[in-house]
There are 2 protein chains.
Amino acid sequence: MAADALSRVFSALADPTRRDIVARLAVADATVNELAEPYDVTVQAISKHLRVLEDAGLVSRSREAQRRPVHLEAEVFDLMTRWIERYRRQAEERYRRLDDVLRAMPDDVDPTPPAQTGAPA
Amino acid sequence: MAADALSRVFSALADPTRRDIVARLAVADATVNELAEPYDVTVQAISKHLRVLEDAGLVSRSREAQRRPVHLEAEVFDLMTRWIERYRRQAEERYRRLDDVLRAMPDDVDPTPPAQTGAPA
DNA sequence: CCTGTAGTCAACCATGTGGTTGAATACGGT
DNA sequence: ACCGTATTCAACCACATGGTTGACTACAGG
């Protein structure tokens, strides 16, 4: 437990049932019983899933009579997309750069530190 | 055991060490020992992490003498971003629509039944 | 051929997680 | 006040996961 935010979000979405719940909540808020209905698990199990999603900041639950309408909080998605995009871009960038290096092959004046080619002193 | 691809990817990235490995691989390919060096866990533990990343399709390992250079496969990221974007967009869309409904609300008398297009008689 | 280096496999342990059942709590309706 | 409905809490179980140690395989090179 007590992992960082990003871990909690990724972890929360690593479960198919929870992803499905998120998908359904994207359409409309719902109560725990409504959410539990389609699956053949107990409502308690769904309650636990919702707790996980809530801890990840993916959903919020408000009180409305004895019902607890569950609401999707889509902002957290940004946390993930930012992380993903960052490294994907970096990987692409690197790919492109490698391409350039292979294409050019000059005397270099390359700012890449680990360029320890068996260069003469 | 996280049968589907999406679950495996999310699950793989739910671990901080594995995310860190991905981050480092975005910069450059690396061997298992190189990857293990910064962390104070055994190289076997890292080997296991790499297996998880590989099963998720996030990295690939090639054979090169006795070394196994690990390479980031960034395409899988798309799988996640597509999923995320889909539901975020849906949630935003719905949010916008709800806004319209609230804005059009005459007085109160909230109807329990779903989306009655405000047809004020 | 033998040794050192890189990596994986296997067995094991502690803890986390998804599921269950059963009891408790919080309200609304009558 | 009481009952039923909605939801959570608690204890428990099976199994996955991250970590360990120790043995094993694969290969380069003296």
Quick one: does V9(B)'s side chain get under 4.5 Å of M80(B)'s, heavy atoms only? yes
Does dT8(C) have OP1 or OP2 sitting under 4.0 Å from an N or O in the side chain of S47(B)? yes
Closest nucleotide of DNA chain C for H49(A) versus for R68(B): which of these residues is on the 5' side? R68(B)
Nearest-Å distance for atom pair CG/P, residues D55(B) and dT8(C): 12 Å
Rounded distance in Å - CG (N33(B)) to P (dT8(C)): 9 Å
Classify the side chain of Q44(B) and the base of dG22(D) as holding, or not holding, a donor-acceptor pair under 3.5 Å. yes
dA6(D) P sits how many Å from K48(A) NZ, rounded? 22 Å
Give a yes or no on whether a salt bridge exists between D15(B) and R19(B), defined as a side-chain N under 4.0 angstrom from a carboxylate O. no
Length of the CG-P vector between D15(B) and dG19(D), whole Å: 6 Å
Before accepting this row, confirm whether a basic side-chain N of the pair E92(B)/R89(B) lies closer than 4.0 Å to the acidic partner's carboxylate O. no
Using the closest heavy atom to pick a nucleotide of DNA chain C for each, name whichever of A45(A) or S11(A) lands nearer the 5' end. S11(A)
For T42(B) and for V43(A), locate the closest nucleotide of DNA chain D by heavy-atom distance; then report the residue assigned to the nucleotide nearer the 5' terminus. V43(A)
Taking atom P of dG18(C) as reference, at what distance in whole Å does atom CG of L50(A) sit? 12 Å
Between D29(B) and R24(B), is there a salt bridge with N-O shorter than 4.0 Å? no
Between D40(A) (CG) and dG19(C) (P), how many Å, whole number? 10 Å
What is the distance from CZ of R51(A) to P of dT8(D), rounded to the nearest Å? 10 Å
How long is the line joining CZ of R61(A) and P of dA6(D), in whole Å? 16 Å
Check this for me, if you would: do D55(B) and R51(B) make a salt bridge, where the nitrogen-to-carboxylate-oxygen distance has to be below 4.0 angstrom? yes
Using a 4.0 Å heavy-atom cut-off, does R63(B) contact any base of the nucleic acid, only the sugar-phosphate backbone, or nothing at all? sugar-phosphate
